[in-house]
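Report on the following structure.
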Amino acid sequence: MPHGCRFLRRLSFTCRRRRRLHSSLPRADGDDTEAGAATDTTLLGRLTRLLLLHRFPAAERLLSSSSPLTPALLHAALRRVRLDPDAALHIFRLAPSRPSLVSHAQLLHILARARRFHDAHALLSSLLPHAESLFPHLAEVYRDFTFSAVSFDLLLRAHADAGQLSSALNVFDGMGKVGCRPSLRSCNRLLNKLVQAGDPGMAATVYEQMRIAGVLPDEFTVAIMAKAYCRDGRVAQAVEFVEEMEGMGLEVNLVAYHAVMDCYCGMGRTEDVRRILESLQGKGLSPNVVTYTLLVKGYCKDGRMEEAERVVKEMKENGDIVVDEVAYGMMINGYCQRGRMDDATRVRNEMRDAGLHVNLFVYNTMINGLCKLGRMEEVQKILQEMEDVGVRLDKYSYNTLIDGYCREGSMSKAFEMCRMMARNGLAATTLTYNTLLKGFCSLHAIDDALRLWFLMLKRGVAPDEISCSTLLDGLFKAGKTEQALNLWKETLARGLAKNVITFNTVINGLCKIGRMAEAEELIDRMKEFRCLPDSLTYRTLFDGYCKLGQVGRATHLMNKMEHLGFAPSVEMFNSFITGHFIAKQWRKLNDIRSEMSARGLSPNLVTYGALIAGWCKQGDLHEACNLYFEMVNKGMTPNVFICSALMSCFYKEGKVDEANLVLQKLVNIDMIPGCSISTIEIDKISHVVDTVADGNPHSANVMWNVIIFGLCKSGRIADAKSLFESLRNKRFLPDNFTYSSLIHGCAASGSIDEAFSLRDAMLSVGLTPNIITYNSLIYGLCKSGKLSRAVNLFNKLQSKGISPNGITYNTLIDEYCKEGKTTEAFKLKQKMVEEGIQPTVVTYSILIHGLCTQGYMEEAIKLLDQMIENNLDPNYITYCTLIHGYIRSGNVEEISKLYDEMHIRGLLPTNWIGRGKQQSDAVVVNNWNRKGSHMKTCSQC
């Protein structure tokens, strides 16, 4: 091609390109004269020459003397100086008004190409509120300038950092459309922000697009995505992802493993947390304080506090790890949640000794723990300590304190906390009002609760579903059904209470009083408000029909639930069982249990409680006991409700002794609601008793007796007496069993005078002490070393018309033996036989122990033979007593014979069988060589 033709073609292309650029640039206001200024090549040329020579004052004078800097002129000038960032910045700043988005896009590209990132970030920061429409212009300039795609990355990161995730995602998608891909750094920034914003699903989608675009992950990507999968509840996928990255040879850092460990903690899979920790060394990673703290968190969440303590000890022994406030805070919180405040205080003191400051989280945790236990005096000490060290209370602190005072019924103190909260600049929240409403309702102060409700509305604090439900529930429980329904209608009119929780509360209130038709109508109202009933709605209705004995309606409702996709639960079948007892349809109970089994539902404690209580009410003690043993064989521990039902049935049939024996076996402190290790919440216990007894005073009396007995059996005598005193204001009528429990508790704890005072109080109310009462008094006297007084009381029993039983004799025989008076002990045994009471294994074992203690081994063996002749089989204690006696005398041969007999009778543990006589002898000789120390084998067994 001739040279002249080539020149003409190049000139033509340049002109077309210039026209295309000018025509594509947006005008500031559509003024043709301003657009024409950009075509003034003389002005444009002079301006750009001055800018490129950095003669910036001269450029300003030129613009002020000739023509203003129009948007079109600015666009053209920026294009010409695009390789000089200083010139571009200067001309951009000379614009008389805010430059257009195109100008911003041009300058951003110029600064990004020059790696002037500080200026680029400043430009984006000034533009961010209006940056959503920047991307199309940035893409246009990108095609014109043919610079790198760094400016897109900067915009993507700016949107992500500002929390404008929708805009950031648009940039991410748009980059692919213009033929460039984001950097790994920008992708990681976007992924992390999505996870932090609670959108792990979108993070997973972005990651898949990254992989398709060919953006390779690094260790930060792995950590972010592990966290994303875990936040989405997909821990298995997180583990699979981490393993896949390891397989690709990518480095996986601790942060990724921490995300998986934290997810396992939330799921209660603490052993998996431990497994990951132990595997880190093999992966070349050293666990740090966060790693160990996550394991502590898992154990604390599971209530395995001793294991959590061991992990903290392991951390202390590791010279590279310093236990921080977080680990101590986890421990303290774990103990507080379980009411173990002494341990919480101990750990807090350890924290201080380690040189760490007790922070607000720890103080709040301890306040919460003490408030839940009702130990408000100790809370005041914590508050004083916080004031001394300068730690200020926050909203959580005040709301916790308000809840604590409401729990103990001190509403005036709760409101004082509200005033203090306001003085410190913290406004009462909906949670604060909810706590106060609950406090008033628990005290049955419904009028006060209503006043507080209207005050809440007046102050502009919006009630939530908890507020509405609390007040409505309080009104229903107070018997103010119509007032509750009127309030509910008012709240609906205000646009409130249109939620499932409130509807369920109203339905429950109606069901409790048997207004089932109205309750059913509410389900239709729920649908009108587009508030679909949930499983609790139907279960409440189902329970209401069952309590009325309307099992036909209940069956129809169960079928309807299944049709709607709600599977019947164990709780529903428990109600169904109760309903069939009320309807006197006992024959169908086996069918109900079979149906439960067919559905894969196992009976729980409540199921057995319903069955046992039902048969007890029908007077079928045999069936009730069979169910009790079935329950125990499955490893379940009876609760106070089941014990009370059985005791009531025993009493009705006149089997008082059997009832007492059963109580001795069944009752412990754990089954009593409202009793913790250190406190007793009488109001909570009373609520449970009233609920279960359902207005039946006899049932309530039985339950109170069981609870008092449980407290006494656990050594909680002061709590038992406190409960006894508080019950005097109720309808509770103490009986022989009540006083006998308290007398035995006082006598066993050494308070013998108090035990006799209770005996006198018993007589004063017209109750006659029985042999159980006097056995307790005799036992207390013996335990206190007052044998002569015990014998005197024993001798008076006949005159009181009371015959001693085996326990009476055994108690006195035991005390005679302990004091070395074996002759008197044998005389009492002989009297026991004369009175027609046969000595038991316990009697013989006590006497054998007395003889062995004094070294009368020959007489002890004779008594053993007499015992066997009387068809009484010696037990493990009998033989151990004899072995201890022979250890003291050093008679190895006799010990070996006794071991042989124990083997024959099957009284040795399984790990002893097969060891042989020589091994037994060796153990005996070894123990004898320790100068008569107790035989380890017997102690261990």
Side-chain angles (χ1 to χ4, degrees), residues 469 473 476-477 500-516 519-520 522-523 526 532-583 585-586 588-617 624 627-628 630-631 634-645 671 673 684 687-694 699 703:
S469 300
D473 188 56
F476 278 119
K477 285 179 177 175
V500 178
I501 295 175
T502 312
F503 270 103
N504 285 348
T505 303
V506 177
I507 289 170
N508 183 57
L510 292 169
C511 288
K512 292 284 185 186
I513 57 174
R515 291 165 66 169
M516 301 304 298
E520 284 233 41
L522 281 185
I523 292 183
M526 289 177 77
L532 294 178
D534 60 7
S535 60
L536 180 60
T537 316
Y538 288 108
R539 286 209 317 265
T540 304
L541 203 60
F542 181 87
D543 186 60
Y545 282 126
C546 288
K547 284 182 177 174
L548 293 173
Q550 297 179 16
V551 291
R553 298 281 300 181
T555 303
H556 174 73
L557 188 60
M558 182 185 286
N559 294 334
K560 182 179 178 180
M561 285 180 68
E562 287 198 85
H563 179 71
L564 292 170
F566 296 113
S569 62
V570 175
E571 291 75 20
M572 286 182 63
F573 278 103
N574 294 343
S575 297
F576 212 28
I577 288 167
T578 302
H580 277 77
F581 274 114
I582 293 169
Q585 296 184 16
W586 310 302
K588 294 184 179 180
L589 291 172
N590 287 333
D591 294 337
I592 294 172
R593 294 191 64 184
S594 298
E595 187 177 350
M596 285 181 70
S597 180
R599 292 175 180 273
L601 299 173
S602 299
N604 59 16
L605 194 62
V606 180
T607 316
Y608 282 106
L611 288 164
I612 290 169
W615 288 119
C616 285
K617 284 180 181 177
L627 285 161
Y628 165 76
E630 179 185 320
M631 176 190 75
K634 289 184 177 180
M636 297 182 195
T637 303
N639 57 21
V640 67
F641 171 68
I642 293 172
C643 289
S644 301
M671 68 169 59
K684 184 175 180 180
H687 174 70
V688 172
V689 171
D690 291 343
T691 302
V692 174
D694 197 22
S699 297
M703 291 185 73

Of all residues at least two apart in sequence or in a different chain, which pass the side-chain contact (heavy atoms from CB on, under 4.5 Å) check with V551?
-> F576, H580, A583, Q585
Those residues that, when tested against D591, pass side chain to side chain donor-acceptor pair (under 3.5 Å) (two or more places apart) = none
Minimum heavy-atom separation for C546 to I582, with atom names?
-> O-CD1, 3.7 Å
Can you list the residues that meet the ring pair (Phe, Tyr, Trp, His ring centres under 6.0 Å) rule with Y538, with sequence neighbours excluded?
-> F566
Taking only residues at least two apart or on different chains, which pairs with a member in residues 636-645 satisfy salt bridge (Lys or Arg N to Asp or Glu O under 4.0 Å)?
-> none
With sequence neighbours excluded, give me every salt bridge (Lys or Arg N to Asp or Glu O under 4.0 Å) pair touching residues 546-571.
-> E520-R553, D543-K547, E562-R599
Who passes side-chain contact (heavy atoms from CB on, under 4.5 Å) against A624, sequence neighbours left out?
-> I612, W615, C616, L646
Could you list the residues that satisfy side-chain contact (heavy atoms from CB on, under 4.5 Å) with R539, not counting sequence neighbours?
-> S535, L536, M561, S569, M572
Does S469 have any side-chain contact (heavy atoms from CB on, under 4.5 Å) partners at least two apart in sequence or in another chain, and if so, which?
-> I501, T502, T505
Only counting residues at least two apart or in another chain, list the ones meeting side chain to side chain donor-acceptor pair (under 3.5 Å) with T537.
-> N504, D534
Any side-chain heavy-atom pair of L541 and C511 under 4.5 Å = yes
Hits for side chain to side chain donor-acceptor pair (under 3.5 Å) against K512, two or more places apart or cross-chain, chain-then-number order -> none
Hits for ring pair (Phe, Tyr, Trp, His ring centres under 6.0 Å) against F476, two or more places apart or cross-chain, chain-then-number order -> none
Compare every heavy atom of L589 with every heavy atom of F581, then report the nearest pair and how far apart it is.
-> CZ-CD1, 3.4 Å
With sequence neighbours left out, write down each residue that passes salt bridge (charged side-chain N to carboxylate O under 4.0 Å, His left out) with R593, or none if nothing qualifies.
-> E630
